[in-house]
Each structure stands twice: as C-alpha cells, then as structure tokens.
Amino acid sequence: MVKVAPSILSADFCNLEADIRRVSAADWLHVDVMDGMFVPNITIGVPVVQSIRRHTDMFLDVHLMIDKPARYIDDFCKAGADLLSVHLEADHPTRIADALRAMEANGVKKAVALRPITSAKAVLPYIEQLDMVLVMTVEPGFGGQKFMESQLATIREVRAIIDQYNPGCELEVDGGIAPGTAELVVEAGANVLVAGSAVYGAEDPAKAIEFLRKAT
Ligand code: DX5
Ligand code: ZN
C-alpha cells in the first residue's frame, strides 16, 4: 500500500495548523528543514517542529537538508519527529553513522536521503539498519520543480538493494510527484510519495491524497 506524505513547504506558514488539518487524511506529514548551506533555501527549524508536534498526532517525517546533521539529531528527536532523514552528501560517513546512532538512541525511525547525483550503492553501508531510504526526484531546495525522470533508474536500484538486504525498509520519493509521475515511481519501486504542490495546489487536498495513494 502506497503512503502519501504531503510536504508543508507548500502550506501557508501563517495558517499552518489549518493547513495541516487540510491534509489529515494523509499517512505522514513531510517537514522540510533547510539551512541555506546544504541547499540554497532556508525554511524552518526545531521550534517549528516542536509546535507542529503540539498540534497534530500525524506521523512527522522530517527531511533534514542541512550540513552536518549529526549536530541536531537529539534536538529534532526531542521536538517530536517520528522519522528523520539525513542526506548522505551532508557529512563524512562516520558522522552519518553517528547521526543514525543518535536516532536509534532516541527511538526515532532512521532514514538516509540521496541527492540526484548520488548513486543508489551509497546506501549499502547503512541499509540493514534503515527504516527508510529517500530518493530525491528533484534537486533539493524548492517545491514545485519538474520531476527528474532520470531518477527512475536510481529508484529501481534502491528497490533492488532494499529487497535484497532489508525488505521492510520504506522507499520514499520527493520532488515533482503528481498524477502522471506517481505511477512511474510506484512502478519503479517507491512506496512513500512526498507531494507538496500536487496536494496543496489542489482544490480538494483530501481527494488529491486519495488519488496519489491509488497510483499503480
Ligand atoms: C524539496 C523538498 C520537497 C518539496 C517537494 O527540496 O524536499 O519535499 O516540498 O515539493 P513538490 O512536491 O512541489 O515538488
Ligand atoms: Zn522533502
């Protein structure tokens, strides 16, 4: 069964509580944290995640697009994240391993994320301990970008690695997911779909979520 995780990057940050309620039919809530270093954009940090946690019971899927994420794992866990994704490009492998250890110690689900330049094989050192792999289908940083079809090959390769080493691991895709591309990524092996503009740009977000969930 496909899960849908609306990205609040496309929400109205002045009406965030209402905009979270509009997507309460979704499986997860995707929260994009950007530091202006790892990606050119700056979004939200720990206090906002803390506030979101106080206002919803939804599963908080927190995507850290920040340099040296190990520094902030404890803070985001305490703020109420249910799952954290750290980018493999954001630090040395030993520090990525530290970040994953910190998630484990906090009882939070563990994920690594791949920019489009990063090959699927980069997940191999971590795969057995992961709850999820996130494959970016755009360059991280902004909502509303065009889906990169070249990432379908990476999704397929990650799916094969997951099936071989850790079949319970989820495979999330993020960027340009909408009716038309959702079917392609699901066919390639993704089972969690992040969608910002396709959900918040729809007249009826609940219907958009249901439509994406049925993608086959
Ligand atoms: C981009 C973010 C995405 C973004 C997706 O760097 O990681 O989560 O919100 O937006 P759409 O679905 O509009 O491409
Ligand atoms: Zn994201």
Side-chain angles (χ1 to χ4, degrees), residues 2-13 16 19-20 22-23 26-46 48-49 52 58-67 69 72 76 81-90 109-118 131-152 154-155 158 170-186 190-203 205-213 215:
V2 169
K3 292 188 178 80
V4 178
S7 165
I8 57 163
L9 190 58
S10 295
D12 174 359
F13 285 134
L16 196 48
D19 267 5
I20 290 172
R22 286 170 76 208
V23 300
D27 302 274
W28 293 358
L29 191 70
H30 187 80
V31 180
D32 288 303
V33 175
M34 305 188 192
D35 66 352
M37 294 292 288
F38 182 73
V39 289
N41 200 4
I42 300 177
T43 55
I44 58 169
V46 173
V48 178
V49 174
I52 294 172
M58 288 180 81
F59 182 96
L60 297 186
D61 160 27
V62 178
H63 179 191
L64 298 178
M65 283 161 277
I66 62 176
D67 267 343
Y72 292 103
F76 280 105
D82 292 295
L83 177 149
L84 289 175
S85 297
V86 290
H87 269 271
L88 289 181
E89 311 83 7
K109 290 197 188 305
K110 309 184 285 288
V112 298
L114 279 66
R115 293 182 89 126
I117 189 81
T118 304
D131 298 292
M132 191 181 86
V133 175
L134 194 183
V135 175
M136 290 305 300
T137 39
V138 297
E139 276 301 340
F142 301 92
Q145 301 182 78
K146 189 176 178 301
F147 175 78
M148 293 170 70
E149 232 167 273
S150 53
Q151 284 302 88
L152 289 171
T154 305
I155 298 166
V158 171
E170 318 249 19
L171 202 179
E172 180 176 73
V173 289
D174 183 6
I177 304 300
T181 56
E183 296 79 357
L184 302 177
V185 292
V186 169
N191 76 302
V192 186
L193 310 184
V194 175
S197 26
V199 169
Y200 279 106
E203 222 160 272
K207 259 198 202 134
I209 291 163
E210 200 43 40
F211 198 83
L212 289 171
R213 206 184 266 135

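Whatever order the structure lists them in is the order used to number ligands and atoms, beginning at 1.
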Undergrad: For the OH atom on Y72, are there more than 12 heavy atoms of other groups (residues, nucleotides or ligands in this structure) within a distance under 6.0 Å?
TA: no
Undergrad: Under 4.0 Å from a heavy atom of P140: which atoms of ligand 1 are those, numbered in the order shown and with their elements?
TA: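 With P140 as reference, the close atoms of ligand 1 come out as 6 (O).
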Undergrad: Below 4.0 angstrom from a heavy atom of H30, which ligand 1 atoms are there? Numbered from 1 as shown, please.
TA: 8 (O)
Undergrad: Is ligand 1 less than 4.0 angstrom away from at least one heavy atom of A198?
TA: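 Judged by the 4.0 Å heavy-atom criterion, A198 does not count as contacting ligand 1.
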Undergrad: Below 4.0 angstrom, N of the basic side chain to O of the carboxylate: do E210 and R213 qualify?
TA: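 Between R213 and E210 there is a salt bridge, with a charged N closer than 4.0 Å to a carboxylate O.
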Undergrad: I want to confirm something. Looking only at heavy atoms, which of G176, G141, P6, G201 is nearest to atom 6 (O) of ligand 1?
TA: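 Among G176, G141, P6, G201, the closest heavy atom to atom 6 (O) of ligand 1 comes from G141.
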Undergrad: Mark up the atoms of ligand 1 that fall under 4.0 Å of a heavy atom belonging to H63, in ascending order.
TA: 7 (O)
Undergrad: Around atom CZ of F211, are there more than 12 heavy atoms of other residues, nucleotides or ligands at under 6.0 Å?
TA: no
Undergrad: How close do V2 and D27 get, counting heavy atoms only, and between which atoms?
TA: O-OD2, 4.2 Å
Undergrad: What's the shortest heavy-atom distance between S10 and G196, and which atoms?
TA: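 For S10 versus G196, the nearest heavy atoms are OG-C, 3.3 Å.
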Undergrad: Run the side-chain contact (heavy atoms from CB on, under 4.5 Å) check on L171 and V135 step by step: do they pass?
TA: CA-CA 7 Å; L171 202 179; V135 175; 3.9 Å; yes
Undergrad: If you count the atoms of ligand 1 from 1 in the order shown, which ones are under 4.0 Å from a heavy atom of G175?
TA: 14 (O)
Undergrad: H30 and D32: side-chain donor and acceptor closer than 3.5 Å?
TA: yes
Undergrad: For A195, counting its heavy atoms only, list the atoms of ligand 1 lying under 4.0 Å from any of them.
TA: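 Here the atoms of ligand 1 in question are 12 (O).
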Undergrad: Around atom CD of E139, are there more than 12 heavy atoms of other residues, nucleotides or ligands at under 6.0 Å?
TA: yes
Undergrad: Can you figure out which of D32, L193, V138, T43 has its heavy atom closest to atom 2 (C) of ligand 1?
TA: D32
Undergrad: When you measure from atom 9 (O) of ligand 1 to every protein heavy atom, which one gives the shortest distance, and what is it?
TA: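 For atom 9 (O) of ligand 1, the nearest protein heavy atom is S7 OG, 2.8 Å.
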Undergrad: Between A5 and D61, which heavy-atom pair has the shortest distance, and what is it?
TA: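 What the structure gives for the nearest pair is CB-OD2, 4.0 Å.
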Undergrad: Numbering the atoms of ligand 1 from 1, which are under 4.0 Å from a heavy atom of M65?
TA: 6 (O), 7 (O)
Undergrad: How close do L212 and A195 get, heavy atom to heavy atom, and via which atoms?
TA: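 For L212 versus A195, the nearest heavy atoms are CD1-CB, 3.7 Å.
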Undergrad: Quick one: name the protein N/O/S atoms under 2.8 Å from the Zn ion (ligand 2), chain by chain.
TA: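 Protein N, O or S atoms closer than 2.8 Å to the Zn ion (ligand 2): H30 NE2, D32 OD1, H63 ND1, D174 OD2.
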Undergrad: Taking the side chain as every heavy atom from C-beta outward, state whether H63 and E172 have any pair of such atoms under 4.5 Å apart.
TA: no
Undergrad: Considering heavy atoms of the protein only, find what lies nearest to atom 10 (O) of ligand 1 and give residue, atom and distance to 0.1 Å.
TA: G143 CA, 3.5 Å
Undergrad: Determine, step by step, whether E183 and V186 satisfy the side-chain contact (heavy atoms from CB on, under 4.5 Å) criterion, reporting the C-alpha distance in whole Å, the side-chain angles of both residues, the deciding distance to 0.1 Å, and the verdict.
TA: CA-CA 5 Å; E183 296 79 357; V186 169; 6.0 Å; no
Undergrad: Considering only the protein, which heavy-atom contact is closest to atom 12 (O) of ligand 1, and what is its distance?
TA: G196 N, 2.7 Å
Undergrad: Who's the nearest protein heavy-atom neighbour of atom 5 (C) of ligand 1, and how far?
TA: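 For atom 5 (C) of ligand 1, the nearest protein heavy atom comes out as D174 OD1, 3.5 Å.
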Undergrad: Return the residue, atom name and 0.1 Å-rounded distance of the protein heavy atom closest to atom 1 (C) of ligand 1.
TA: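 Nearest neighbour among protein heavy atoms for atom 1 (C) of ligand 1, to 0.1 Å: F142 O, 3.5 Å.
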Undergrad: Measure the spacing between CG of L60 and NZ of K109 and express it to the nearest 0.5 Å.
TA: 13.5 Å
Undergrad: Closest approach of G176 and F147, non-hydrogen atoms and distance?
TA: O-CB, 3.5 Å
Undergrad: Could you list the atoms of ligand 1 found under 4.0 angstrom from a heavy atom of V194?
TA: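 Answer for ligand 1: 8 (O).
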Undergrad: Tell me, which protein residue and heavy-atom name are nearest atom 13 (O) of ligand 1, and how many Å apart are they?
TA: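 Sorting protein heavy atoms by distance from atom 13 (O) of ligand 1 puts S197 OG, 2.4 Å first.
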